[in-house]
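Beneath this line is the structure, given in structure tokens, with notes to follow.
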There are 2 protein chains.
Amino acid sequence: MASKRKDSNTEEKILSAARQVFIEKGFAGARMQDIADRAEINKAMLHYYFKNKEMLFEVIFRETAGKLFPHFEKLMESDLNFFDKIRSIVSSYIEMIIQNPYLPLFVMNEMNKNPQIGLKNFFEAQKPGFVKKFRESIEESVKNGIIQPINPIHLIMNIFSMCAFPFIAKPMISMLTGIEDEQFKNLMEQRKVLVAEFIIHSIKK
Amino acid sequence: MASKRKDSNTEEKILSAARQVFIEKGFAGARMQDIADRAEINKAMLHYYFKNKEMLFEVIFRETAGKLFPHFEKLMESDLNFFDKIRSIVSSYIEMIIQNPYLPLFVMNEMNKNPQIGLKNFFEAQKPGFVKKFRESIEESVKNGIIQPINPIHLIMNIFSMCAFPFIAKPMISMLTGIEDEQFKNLMEQRKVLVAEFIIHSIKK
DNA sequence: AAGTTTGTTAACCAAATGGTTAATTTTAAT
DNA sequence: ATTAAAATTAACCATTTGGTTAACAAACTT
């Protein structure tokens, strides 16, 4: 019989429960008792493993925000042509959000409510250099005459907007169009190629 | 000297304070005492004018969500050509969000946390018919060979994504690029025409 | 002017909430 | 087997929070 410690693995259970509750309710709406209940442990254990609500939240936020820009830096450095880079980014980014549908809203919302959390838990640790690389790649493609002149910031905004926003707006979309979960997932699956081609068609010379 | 009642206009002060607090903190993070303090009135007055936190919130939510799709229905019925309709929608929509930068995140977030609030306070009252009109207009333009074939839902998603998402992601953008308030506002001003042309260029035959 | 309604306040209340304590059990070390 | 360290629990605590009450003040009605 496995030891109680390793068997129960309390810390994992807490993190799993905290992930659920924080992402579902947000920091302000999350209740420590709720987390304890879902982890099936005593509330005091939360404070035993993590000092307080803030600390527990920061672990979850950091882990979640860390998924936000996965391997883009490497991808931008790859020898794919510019259009294939866009195809690859769009497709993998939408797939990532399909796997974590609440991620964009959670991160954006908490960063708006408390911008410090971003600086503390995101900037220092894995300050993503992909924006610079992305920028350079766009500027180069403009110079080489592959794409129309465009401010890289706007192009980057456009790409991530079309990938992430539909997930943030899902309840609104569902309300306005009657689209339900299954159909929504199909649409998002379509967007993996659709958005990329939409962008490429718009900037191609 | 004006009467105390009309002079003080407590209800307006409450609504103004509630607007601030709810939009800043969200429903879960908002505190009734905070609203009372900002309105410079006794907390009991909140319950005198509005039954409870939920009721007060619903007034604010309804009023806020009401700004979300302003005059699009009329605009879609106008005799502008399809491309000018898109230019007009994008421009006026971004301008609306510049005037109410927290509106998209507030509405989307609260609808995610509690989808019922949308049905109760949005759907019934001003169920926007503009989606249907928009759809028809797109389908017509496709048939007339003005634009490339495209699923209207995706095009609508693309348009609103590029308009609204940058405001939702502002803290993230600011963190990744160092862009501050003034420069951000300039970028959004540019997007009024930029996004429209980006879309048109992408769907034009 | 008297009485009724409306508006406002201070004090209060019960429940919820984040957090702590002290005792107990389990596990690991000797 | 003994002991020290780590994990867990029940009970408790102080503060916050949404909400109420009862008394009072101002404003209309007649």
Side-chain angles (χ1 to χ4, degrees), chain A residues 1-62 110 113-114 116-117 120-121, chain B residues 1-62 106 109-110 113-114 116-117 120-121:
Chain A
M1 199 151 142
S3 73
K4 195 178 176 184
R5 274 188 215 186
K6 296 204 170 179
D7 189 29
S8 60
N9 211 345
T10 307
E11 193 171 339
E12 287 275 323
K13 290 205 297 184
I14 293 176
L15 286 173
S16 172
R19 213 171 288 133
Q20 283 176 45
V21 175
F22 278 131
I23 287 178
E24 196 174 300
K25 309 273 180 75
F27 176 80
R31 296 291 163 252
M32 294 297 268
Q33 188 61 59
D34 190 3
I35 295 173
D37 290 346
R38 294 207 208 188
E40 296 178 297
I41 46 117
N42 187 295
K43 187 166 58 108
M45 295 303 285
L46 299 179
H47 298 90
Y48 180 75
Y49 282 91
F50 307 88
K51 243 189 300 294
N52 53 36
K53 195 183 179 187
E54 277 77 22
M55 293 296 155
L56 180 52
F57 177 78
E58 283 185 19
V59 174
I60 300 299
F61 181 87
R62 195 170 317 193
E110 297 301 334
K113 304 276 189 265
N114 173 17
Q116 291 175 330
I117 200 104
K120 256 175 78 178
N121 297 283
Chain B
M1 197 152 144
S3 74
K4 196 176 174 184
R5 275 191 213 184
K6 294 202 168 177
D7 189 28
S8 60
N9 210 344
T10 306
E11 193 170 339
E12 287 275 324
K13 293 205 295 184
I14 293 175
L15 285 173
S16 171
R19 215 172 286 135
Q20 283 176 45
V21 175
F22 279 131
I23 287 178
E24 195 175 301
K25 309 274 180 73
F27 176 79
R31 298 290 165 253
M32 294 297 268
Q33 189 61 58
D34 190 2
I35 295 173
D37 290 346
R38 294 205 207 188
E40 295 178 298
I41 45 121
N42 188 295
K43 187 166 59 106
M45 295 302 287
L46 298 179
H47 298 89
Y48 180 75
Y49 282 91
F50 306 89
K51 243 188 301 293
N52 53 37
K53 194 183 178 185
E54 277 76 23
M55 293 296 154
L56 180 52
F57 177 78
E58 282 184 21
V59 174
I60 300 298
F61 181 87
R62 196 171 316 193
F106 172 68
N109 191 44
E110 298 301 333
K113 304 276 189 264
N114 174 16
Q116 291 175 328
I117 200 104
K120 256 175 77 179
N121 296 283

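Because only heavy atoms are used, hydrogens play no part in the values below, and waters and symmetry mates are left out as well, while side chains stay in. Chain naming here is simple, since letters A, B, ... match the order of the sequence lines and numbering starts at 1 in each.
Whole-Å rounding puts the B/Ile14 CD1 to C/dG7 C1' distance at 11 Å. Spacing between atom CG of B/Asn42 and atom C1' of D/dA22 amounts to 13 Å, rounded to whole angstrom units. Here D/dG18 presents its P atom at 18 Å from CE of B/Met45, a figure rounded to the nearest Å. If you measure from atom CZ of B/Phe50 to atom C1' of C/dG7, you get 14 Å, rounded to the nearest angstrom. One interatomic measurement links the two molecules: OH of B/Tyr48 to C1' of D/dA26, which rounds to 11 Å at whole-angstrom precision. Here the P atom of nucleotide D/dA26 and the CG atom of B/Asn9 are 19 Å apart, to the nearest Å. Between B/Leu46 atom CG and C/dT8 atom P there is a gap of 12 Å when expressed in whole angstrom units. Rounding to whole angstrom units, OH of residue B/Tyr49 and C1' of C/dT9 are separated by 13 Å.
Contact check, B/Thr10 against C/dG7: no side-chain N or O comes under 4.0 Å of OP1 or OP2.
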- Message: Checking A/Asn9 against A/Lys13 for the side chain to side chain donor-acceptor pair (under 3.5 Å) test, could you report, in this order, the C-alpha distance in whole Å, the side-chain angles of both residues, the deciding distance, and whether it holds?
- Response: CA-CA 7 Å; A/Asn9 211 345; A/Lys13 290 205 297 184; over 6 Å; no

- Task: Could you walk me through whether B/Phe61 and B/Phe22 pass the side-chain contact (heavy atoms from CB on, under 4.5 Å) test, one step at a time?
- Result: CA-CA 9 Å; B/Phe61 181 87; B/Phe22 279 131; over 6 Å; no

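Using five terminal pairs a side, the axes of the helix from C/dA1-D/dT30 to C/dT30-D/dA1 at its two ends make an angle of 10°, given in steps of 10 degrees.
For A/Ala44, taking side-chain heavy atoms from C-beta onward, the closest of the listed nucleotides C/dT9, D/dT9, D/dT8 is D/dT9.
The line from CD1 of B/Ile14 to CZ of B/Phe50 is 5.5 Å long, rounded to the nearest 0.5 Å. Between atom NZ of residue B/Lys25 and atom CG of residue A/Asn114 there is a gap of 11.0 Å, rounded to the nearest 0.5 Å.
No side-chain donor-acceptor contact under 3.5 Å links B/Lys53 to the backbone of B/Arg31. Looking only at distances, a side-chain donor or acceptor of A/Glu110 sits under 3.5 Å from a matching main-chain atom of A/Phe27.
When each of B/Ile41, B/Asp34, B/Ile35 is tested with B/Arg38 by the rule side-chain contact (heavy atoms from CB on, under 4.5 Å), just one qualifies, namely B/Asp34.
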- Can you give one letter per nucleotide of nucleotides 12-18 of chain C, going 5' to 3': B for a protein heavy atom under 4.0 Å from the base, S for sugar-phosphate only, - for none? -----SB

